[in-house]
Amino acid sequence: MKSNIVEKEGRVRPDGYSKVTGNLKYLTDLTFPNMLYGKVLRSPYPHAKIISINTDKAIKLPGVEAVLTYNDVPGMNRFGIIVADQPVLCEDKVRYIGDAVACVAAHSIQAAENALKLIEVIYEELPIIDSPEQALKPQAFKLHVGGNICHQAMFSEGNIQQAFEQCEAIVEETYEVPRQLHAYMETEGGVVVPENDGAITVYAGTQHGYRDRFQLSRILGLPEKMIRIVSSPMGGSFGGKDELNIQPYAALLALATKRPVKIHNSRTESFKTSIKRHPMKITVKTGTNRTGKILAHQVKIIADKGAYTTLGPAVLDFSIEHAAGPYIIPNIETEGVSVFTNNGVSGEFRGFGGNQITFALESQLDRLAELLQIDPIEIRKINLRKATDKGPLGQRIAPTDGAAQVLNGIQKLYEKTNKQYSNSQWKRYGTGIAIAMHGGGLGFGRLDSAGGRLSLNKEGQIEISFGFEECGQGLLSVIENLVVEEIGCSKEDVKIVIGDTAVVPSSGSITASRGTSVVWQSLQKLKDPFKQKILHHAGKMLHLPEQSLYLGPGGVWCFEKQDGPCLTYKDCAEQLIDNTVETSFHFPVTPDAISGGHFLYSFGGVKVDVEVDLLTGKVKVLSIDHVVSAGPVISPHGYRGQIEGGGIMSLGYTLLEEAKMKDAQYAAQNFDSYLIPNIAEVPFETNVYAIEELYEGDSYGPRGVGEIGTIAITPAIVKAVHDAIGCWVSKLPISSEEILEHIESRGMLEWI
């Protein structure tokens with residue numbers, strides 16, 4: 001592996017040893033005395049009216065302690081991050097195959113499963129709507145009171161029709177992208193423990209403990225202060241655990257039984273009930289002049305929302321915003337609609353709508369380049385944004401030349417390695433490139449609070465606290481490295497406290513590539529007041545002027561004495577009463593009132609080499625080169641891990657994965673038939689190059705890289721396939737059958 005990222009003392013991530021040795025306790029590993037096991041009865045029908053629910057037989061089963069239905073929800077029987085439209089336990093209707101109807105707590109998992117079989121539910125099946133097109137028909141059954149449209153959004157600038165009349169090259173295509181499973185190793189699960197005073201402690205993976213607390217408060221009819229959320233560590237999320245999953249059911253059962261209740265979804269349960277990446281159909285018409293300058297770009301997006309809202313509106317808004325990507329397009333018209341169906345619920349997923357729209361945008365540029373006989377990199381340069389240009393919605397953004405830096409980096413790699421593979425009788429090789437622009441944070445008009453706390457605890461540790469979660473992304477390394485760098489202490493001096501609403505401040509959600517940025521910005525606000533507080537106190541203790549002292553490894557150091565600290569942190573802590581500094585701020589946002597518009601962006605470019613087997617139609621990715629512009633690298637291992645892992649996740653999205661539905665039921669319900677990349681699919685040659693320089697005057701620090709590594713992979717692979725065999729792919733995942741049909745039609749096979 002090649003990289004220009006410099007290691008920082010070879011630091012091992014704080015949770016590294018416990019993870020590789022198996023000693024780390026995930027929240028689904030926890031057990032408590034007198035603990036019960038919970039199970040949830042899910043609808044067997046994608047759409048049906050509930051005539052009656054009878055739990056008499058189930059509650060009489062030995063070992064069963066509670067059987068609950070909607071009648072047992074003390075508060076609001078709904079949840080949802082944007083719109084609370086999803087029933088906790090359905091009252092009169094089910095809208096998808098995973099809708100919850102009842103929940104059970106028993107002494108064993110087997111007893112709970114047996115109890116589910118004894119719950120008698122009489123359904124009356126209703127018409128199934130299994131596609132957005134069907135849902136939009138005037139005569140379609142209305143899935144919600146407001147109809148079948150979840151959300152509509154649009155953006156336009158210039159005169160699109162007039163611009164097309166001036167174009168000399170026009171490409172129009174419809175791109176279809178699939179529903180994708182998050183495929184985290186740890187399925188949804190956790191334990192809810194009732195406390196003696198009527199409060200509860202929820203041990204369950206989530207990406208926003210404070211928001212879970214708010215939602216559970218409404219459901220349970222409890223004040224938020226009586227709900228403690230412990231949300232870290234967890235075994236992966238990628239957006240999939242941003243919404244509530246098992247928490248309401250375990251909490252209801254724990255309160256009903258006054259005993260701890262554990263629910264841990266099986267893989268099949270997770271398949272049926274978890275949110276997925278939004279499937280979309282994106283129709284794009286793009287026109288240029290003779291030189292390749294884009295004059296007109298028209299985009300229409302139809303997203304399959306599934307049964308409930310979750311974060312669907314924000315995902316669609318993000319796709320609308322990124323329809324122009326890192327390019328300046330004078331005439332653009334983008335409109336999208338997110339549509340309710342009886343399919344599985346679509347929600348937040350790494351990339352957040354950027355993957356889908358970037359595939360369409362970058363593919364259009366490649367097709368136009370071919371039509372105009374222009375180099376694919378050159379057509380991008382012609383249209384590329386400049387550092388001080390406005391954002392894709394016309395909003396002011398933080399100046400950045402990341403797009404040009406990334407494209408230049410990719411060009412160098414492209415020119416250097418473009419011809420390293422030679423075609424053979426049965427194999428063809430191709431190279432593709434693509435670039436992407438990705439907004440960080442939640443965007444204008446969304447509550448996006450941030451903040452943290454720095455203190456010196458009684459044990460003499462510098463304690464840094466954030467209301468964030470460690471979901472495998474390496475946040476602990478980022479925090480540790482930044483504290484060591486900004487404070488000047490050693491890693492042994494640092495104690496990190498995250499993911500527990502009882503002891504951490506609110507820092508917002510660990511989503512939208514905002515974690516690293518929030519930690520860095522928080523420390524810029526915290527470090528000086530913290531240092532001043534400690535040094536002022538130390539100066540009094542040592543009878544020395546503050547300016548002669550500084551914070552270093554192990555304690556307070558004196559500039560004139562360099563053989564060790566003159567006062568340990570523990571010595572300071574024993575006498576210092578006021579030892580805490582806290583900050584609260586809003587994530588940086590554009591000053592322009594454009595809903596959802598972002599202010600901070602990262603950029604990524606990808607070059608891939610692929611092999612196409614003419615006999616099988618199989619596409620194999622041989623190498624992936626990433627060039628990423630996201631500011632200074634804080635955690636080198638974590639940085640590479642995010643980019644490499646994100647790339648392989650999108651490789652699966654491009655070549656293998658589809659959570660296909662037939663009659664609104666999942667065709668696959670386990671990894672025996674839903675295929676994700678394994679080590680054989682991961683190219684040995686995977687390289688990550690970081691551009692760490694920020695634009696002159698940029699005071700916003702490093703951007704997160706949790707998503708940017710996933711965005712440009714798909715169009716780069718698709719272009720590489722075209723480079724190899726001349727086949728343009730517009731539907732994912734790439735089909736071997738489609739490849740073979742193209743090979744056959746072109747007479748590319750030379751039979752002996």
Side-chain angles (χ1 to χ4, degrees), residues 27-28 30 32 35-36 38 40 66 68-91 99-100 102-103 105 188-232 234 237 240-265 273-275 308-311 345 347-348 447 449 467-469 471 499-511:
L27 301 173
T28 48
L30 300 179
F32 293 85
M35 189 177 76
L36 301 172
V40 182
L68 307 180
T69 67
Y70 68 90
N71 286 314
D72 302 298
V73 179
M76 187 174 77
N77 188 29
R78 291 290 184 277
F79 67 94
I81 293 174
I82 292 180
V83 179
D85 62 351
Q86 185 163 354
V88 177
L89 293 167
C90 295
E91 307 107 327
D99 247 338
C103 57
E188 307 81 7
V191 186
V192 176
V193 180
E195 308 295 348
N196 294 332
D197 60 356
I200 59 169
T201 301
V202 180
Y203 299 91
T206 179
Q207 290 183 226
H208 196 342
Y210 274 93
R211 188 172 58 206
D212 281 11
R213 190 179 73 168
F214 166 71
Q215 290 214 73
L216 288 173
S217 172
R218 296 194 297 185
I219 293 167
L220 303 173
L222 285 176
E224 287 189 55
K225 64 181 181 181
M226 295 184 69
I227 302 172
R228 176 189 176 195
I229 307 292
V230 179
S231 49
S232 181
M234 69 186 104
S237 179
K241 296 170 185 171
D242 203 11
E243 183 60 273
L244 291 178
N245 45 76
I246 60 90
Q247 297 96 325
Y249 312 106
L252 287 167
L253 291 166
L255 288 171
T257 61
K258 295 182 171 53
R259 293 170 64 173
V261 175
K262 182 175 188 174
I263 299 180
H264 190 185
N265 282 345
T273 64
S274 64
I275 57 177
Y308 300 107
T309 301
T310 64
L311 274 177
V345 181
E348 44 275 43
L447 293 175
S449 60
F468 279 153
E469 288 76 26
C471 48
D500 184 343
T501 57
V503 294
V504 297
S506 177
S507 301
S509 177
I510 189 68
T511 188

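- Counting heavy atoms of neighbouring residues, nucleotides and ligands inside a 6.0 Å radius, atom CG of Asn196 does not exceed 12 of them.
- Two residues are said to be in side-chain contact when any heavy atoms from C-beta on lie closer than 4.5 Å; Cys103 and Leu89 meet this criterion.
- The backbone N or O of Arg213 sits nowhere less than 3.5 Å from a side-chain atom of Ser217 that would complete a donor-acceptor pair.
- For the pairing with Tyr249, the side-chain contact (heavy atoms from CB on, under 4.5 Å) check across Leu244, Ile263, Val261, Leu68 returns one residue only, Ile263.
- Scanning both residues, Thr257 and Ala66, for their nearest heavy atoms gives CG2-CB, 3.6 Å.
- Judged by distance alone, the side chain of Gln207 and the main-chain N or O of Glu469 form no donor-acceptor pair under 3.5 Å.
- In this structure a side-chain-to-backbone donor-acceptor pair under 3.5 Å is present from Asp85 to Thr309.
- Between the Asn245 side chain and the Ser274 main chain, no donor and acceptor come within less than 3.5 Å of each other.
- Side chain of Ser232 to main chain of Gly499: no donor-acceptor pair is present (N/O by atom type, distance under 3.5 Å, no hydrogens or angles).
- Judged by distance alone, the side chain of Lys262 and the main-chain N or O of Leu30 form a donor-acceptor pair under 3.5 Å.
- Here the shortest heavy-atom pairing between Asn77 and Val73 reads OD1-CG2, 3.6 Å.
- Under the 4.5 Å side-chain criterion, counting only non-hydrogen atoms from C-beta, Ile229 is in contact with Leu216.
- Salt-bridge annotation for Arg78 and Glu91: present, with a side-chain N of the basic residue lying under 4.0 Å from a carboxylate O of the acidic one.
- A heavy-atom distance below 4.5 Å is not found between the side chains of Ile200 and Arg228.
- To the nearest 0.5 Å, atoms OG1 (Thr28) and CD (Glu188) are separated by 10.5 Å.
- Pairing each heavy atom of Val192 with each of Ala254, the nearest pair is O-CB, 3.6 Å.
- Side chains of Asp99 and Tyr308 form a contact here, defined as non-hydrogen atoms less than 4.5 Å apart.
- Judged by distance alone, the side chain of Gln247 and the main-chain N or O of Val202 form no donor-acceptor pair under 3.5 Å.
- Here the OG-OH distance, from Ser509 to Tyr210, works out to 14.0 Å after rounding to the nearest 0.5 Å.
- Atom CD of Gln215 and atom CD of Gln86 lie 9.5 Å apart (nearest 0.5 Å).
- The side-chain heavy atoms of Arg259 and Met35, taken from C-beta on, include no pair separated by under 4.5 Å.
- For the atom pair OG of Ser237 and CD of Glu348, the computed distance is 8.5 Å after rounding to the nearest 0.5 Å.
- Arg218 and Ala84 get closest at one heavy-atom pair: NH2-CB, 3.9 Å.
- A pairwise comparison of heavy atoms in Gly190 and Ile246 identifies N-CD1, 3.8 Å as the closest pair.
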Let's go through Val193 and Tyr203 carefully: what are the C-alpha distance in whole Å and the side-chain angles of both, what is the deciding distance for side-chain contact (heavy atoms from CB on, under 4.5 Å) to 0.1 Å, and is it a yes or a no?
CA-CA 8 Å; Val193 180; Tyr203 299 91; 3.8 Å; yes
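- In this structure, Thr310 and Ile82 have side chains that are not in contact, with every pair of non-hydrogen atoms separated by 4.5 Å or more.
- For the pairing with Pro74, the side-chain contact (heavy atoms from CB on, under 4.5 Å) check across Ile219, Leu222, Leu255, Leu252 returns one residue only, Leu252.
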Full working for side-chain contact (heavy atoms from CB on, under 4.5 Å) between Asp212 and Ser231
CA-CA 10 Å; Asp212 281 11; Ser231 49; over 6 Å; no
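- Taking both residues in full, the closest heavy atoms of Pro260 and Val191 are given as CB-CG1, 4.3 Å, listed atom of the first, atom of the second, then distance.
- Ring centers of Phe79 and Phe214: at least 6.0 Å apart, outside the cut-off.
- Ile81 places none of its side-chain heavy atoms less than 4.5 Å from the side chain of His208.
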